[in-house]
Amino acid sequence: MYIDTHCHINSEELRLEARSIITRAREAGVGKMIIIGCDYEDSCEAAAMAEDFSSSKIQCYASIGIHPHEAKRYTAIPAEFRNIAGMSRVIAIGETGLDYHYDHSPKDVQRKMFDLHLKLAEELDLPVILHIREAMDDAMEILTLYRGLKMLFHCYSGGLEYLDEVLRLGGMCAFGGAVTWDTKSSAQLREVVKKIPIENLLCETDSPYMAPEPLRGRMNEPANVSYVYKTIAKERGIDVSELSRVVEDNAKRFFGWD
């Protein structure tokens, strides 16, 4: 069974085809996926989709949060998040974090919202899904104050430079389509994949973004997570079936689902 720990089938690009996308994912061997919220409306939709699309053949879950790009739109986390977090299919807070690559929201606003998310995750005893881009120093300074939280570094991009620090926090790292690309940064990412303890590794698509080779440039979807599994298995010198079993165990331990 494949697991996609990060997808946006609630996005403008995918929501109208969500049911077909779920069917294709199931046919491709995906057994579980997490639909990610990036603002209040998006999070509500993620939670609703997780309820609507789950079946005996595929299990959908949701994570609710305010993406750092959207942080400037909020002065606080919506109070309704606490009610949404109580829904049976909502299993994490995020994606939240810091993105200094685009700076769509001022850095101080991003840091404030990030801290509020971490406090909420701590209060609700939920894992947190992190979006950290070109901001590892500031992120690690903040995260050190929340030791004990379950932390997942979505689309991990800290390289070997930050890996030991992430692992000391007990962090999990998820890898997506970028690990399959033929670029210098992707080659460095594959070095991380080889060296990270396998019990700290998860797989994702970030669909509709970051489609893997040989589909790069096209719209991504959860069914394509198989390419990520195959690349990581090859880099680690193990069978895809073995990697699938380990990732399934890792996800169950981290998210606490059955």
Quiz item: Where is the tightest heavy-atom contact between Ser88 and Glu51, given as atom of each residue plus distance?
Solution: OG-OE2, 3.2 Å

Quiz item: With sequence neighbours excluded, what pairs up with Arg168 under the side chain to side chain donor-acceptor pair (under 3.5 Å) test?
Solution: none

Self-check item: Joint cluster assignment, Leu152 & Leu124, ILVMFWY side-chain distance < 4.5 Å
Solution: no

Quiz item: NZ of Lys194: more than 12 outside heavy atoms within 6.0 angstrom?
Solution: yes

Exercise. Report yes if the side chains of Asn200 and Cys173 come closer than 4.5 Å at any heavy-atom pair, otherwise no.
Key: no

Quiz item: Taking atom types as modelled, is there a side-chain donor on His67 or Asp39 under 3.5 Å from an acceptor on the other?
Solution: no

Exercise. Could you tell me whether Arg73 and Glu41 make a salt bridge, using a distance below 4.0 angstrom between a side-chain N and a carboxylate O?
Key: yes

Practice problem: Report yes or no: do Ile58 and Leu202 belong to one cluster of Ile/Leu/Val/Met/Phe/Trp/Tyr joined by side chain heavy-atom distances under 4.5 Å? | Solution: yes

Exercise. Check Asn220 against Leu14 and note the closest heavy-atom contact, atom names and distance.
Key: O-CD1, 3.8 Å

Quiz item: Parallel under 30°, tilted from 30 to 60°, perpendicular over 60°: which one fits the rings of His69 and His104?
Solution: perpendicular

Practice problem: Kindly state each residue pair satisfying salt bridge (Lys or Arg N to Asp or Glu O under 4.0 Å) with at least one member in residues 107-120, sequence neighbours excluded. | Solution: Arg111-Asp138, Asp115-Lys119

Practice problem: Working to the nearest 0.5 Å, report the span between CG of Asp258 and NZ of Lys252. | Solution: 7.0 Å

Practice problem: Determine whether Asn250 and Glu199 make a side-chain contact, defined as any pair of heavy atoms from C-beta on separated by less than 4.5 Å. | Solution: yes

Quiz item: Is it true that Glu123 and Arg82 have a side-chain N and a carboxylate O under 4.0 angstrom from each other?
Solution: yes

Quiz prompt | Note, Met210 side chain near Thr205 side chain (heavy atom, < 4.5 Å) | solution = no

Quiz item: Atom NE2 of His8 and atom CG of Asp206: how far apart are they, to the nearest 0.5 Å?
Solution: 4.5 Å

Quiz item: If you measure from CG on Asp125 to CG on Leu120, what distance do you get to the nearest 0.5 Å?
Solution: 11.5 Å

Quiz item: For Tyr102 and Asp99, which heavy atoms make the closest approach, and how far apart are they?
Solution: N-OD1, 3.3 Å

Exercise. Just say parallel, tilted or perpendicular for the rings of Tyr229 and Tyr2, cut-offs at 30° and 60°.
Key: tilted

Quiz item: Which heavy atom of Leu167 sits nearest a heavy atom of Pro197, and at what distance?
Solution: CD1-CD, 3.6 Å

Quiz item: So, do Met49 and Ile9 sit near enough that their side-chain heavy atoms are less than 4.5 Å apart?
Solution: yes

Self-check item: Rounded distance (nearest 0.5 Å) linking atom CD of Glu242 with atom CD1 of Ile198
Solution: 6.0 Å

Quiz item: Which value, rounded to the nearest 0.5 Å, describes the distance between Glu95 atom CD and Ile64 atom CD1?
Solution: 13.5 Å

Quiz item: Between Glu191 and Leu160, what is the shortest heavy-atom contact and its length?
Solution: O-CD2, 4.2 Å

